[in-house]
Amino acid sequence: MELEAVVFDLDGVLIETEQVWDEVRERYVAERGGRWGPRATTDMMGMSSPEWSRYIAEELGVALDPAVVGREVLARMAARLAEAVPVVDGAVEVVRTVAGRWPLGLASSSNRPLIDLVLDRLGLAGSFRVTVSSEEVARGKPAPDVYLAAADRLGVAPAACAAVEDSGNGLRSATAAGMRVVAVPNRRFPPAPELLAAADAIVADLPELPATLARLAAEA
């Protein structure tokens with residue numbers, strides 16, 4: 001099937017925030033009397049805000065309503081990003097280049113205010129035809145919901161989309177949605193080798209992406 005659209009993940013692909021999320025949530029758990037577990041980071045990667053808020057309350061022992069947990073953590077993240085957005089080298093140029101050939105979607109586990117804040121700060125809000133937060137669908141990654149919603153809003157079949165992902169749960173999500181998958185492996189939290197092996201393409205650095213997408217389009 002012809003490649004008709006490209007859907008980007010945000011955290012870990014365009015901005016280096018996976019570590020920021022980790023730091024903010026770990027400090028929050030400690031301050032609120034919980035206990036950070038060895039699997040907390042990987043468990044929460046890709047979860048929607050309601051899902052990770054519930055995880056912090058129920059699994060990490062923070063004795064607060066999950067809605068309160070979510071509001072407090074997101075306020076801390078917004079404050080960090082308001083100071084500076086840790087953009088991946090070349091990300092702005094790559095998005096603009098790819099947007100010159102295909103309509104773009106964004107399928108992110110971040111909540112709506114953070115997505116809008118980041119895209120505005122980077123000057124990329126106009127580059128994406130649609131943006132979807134996993135809090136706006138029934139299930140976060142690794143479920144396919146956020147990618148399916150992005151394809152639906154683009155008016156493109158999932159199989160005609162390429163998804164650009166960095167994490168294990170993100171790769172699972174895009175694969176389950178039936179999209180062609182381009183992996184940009186997260187260096188700090190690398191996906192499992194079998195997930196990378198199942199991807200349609202792997203790029204070591206984001207600036208390689210336009211040429212890789214052009215190759216996938218030519219092979220369609």
With no hydrogens and no angle check, just 3.5 Å: does a side-chain donor-acceptor pair link [X] and [Y]?
X	Y	value
N111	S133	no
T131	R112	yes
E165	Y147	yes
E51	S48	yes
S110	D11	yes

Taking all non-hydrogen atoms of both residues into account, name the closest pair between [X] and [Y] and its distance.
X	Y	answer
A177	P144	N-CB, 3.5 Å
N169	K141	O-CB, 3.8 Å
M179	P158	CG-O, 3.3 Å
Y28	V69	OH-CA, 3.5 Å
V156	A5	CG2-CB, 4.2 Å
L3	L213	CD2-O, 3.9 Å

Taking CZ in R27 as the centre, count heavy atoms belonging to other residues, nucleotides or ligands within less than 6.0 Å. Is the count above 12?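 No.
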Does atom CG of D89 have more than 12 heavy-atom neighbours, drawn from other residues, nucleotides or ligands, at distances under 6.0 Å? no
Given 3.5 Å as the limit, does a donor-acceptor pair link the side chain of [X] with the main chain of [Y], or not?
X	Y	result
D65	A67	yes
R172	A143	no
T175	L171	yes
D145	V137	no
R129	L154	no
N186	G12	no
S109	G46	yes
S167	G170	yes

Between [X] and [Y], is there a side-chain N and carboxylate O pair less than 4.0 Å apart?
X	Y	value
R76	E31	yes
D166	R187	no
R188	E16	no

Is it possible for you to say whether [X] and [Y] belong to one hydrophobic cluster, with membership spreading through side-chain heavy-atom contacts below 4.5 Å?
X	Y	result
M45	V118	no
L206	V92	yes
V88	V85	yes
L106	L148	no
L119	V87	yes

Apply side chain to side chain contact (heavy atoms under 4.5 Å, CB included) to the pair S108 and V132, showing each step before the final yes or no. CA-CA 6 Å; S108 175; V132 186; over 6 Å; no
Does any part of the side chain of [Y], heavy atoms only, come nearer than 4.5 Å to the side chain of [X], both counted from C-beta?
X	Y	answer
V94	E208	no
V146	E136	no
F8	L209	yes

Assess whether side chain to side chain contact (heavy atoms under 4.5 Å, CB included) is satisfied between V164 and V7, documenting all intermediate values. CA-CA 6 Å; V164 185; V7 184; over 6 Å; no
Would you sort out whether R180 and C161 count as a side chain to side chain contact (heavy atoms under 4.5 Å, CB included), showing the intermediate values? CA-CA 6 Å; R180 275 167 275 190; C161 296; over 6 Å; no
Considering only distance and modelled atom types, tabulate donor-acceptor pairs under 3.5 Å from the side chains of residues 191-203, sequence neighbours left out.
from	atom 1	to	atom 2	distance (Å)
D200	OD2	V181	N	2.7

[atom1] of [X] to [atom2] of [Y]: how many Å apart, nearest 0.5 Å?
X	Y	atom1	atom2	result
F189	T42	CZ	OG1	9.0 Å
E18	M44	CD	CE	11.0 Å
E23	M77	CD	CE	9.5 Å
L117	L122	CG	CG	9.0 Å
L74	S49	CG	OG	4.5 Å
D22	T41	CG	OG1	3.0 Å

Could you go through the side chain to side chain contact (heavy atoms under 4.5 Å, CB included) check for L14 and V95 one step at a time? CA-CA 9 Å; L14 301 181; V95 168; 3.7 Å; yes
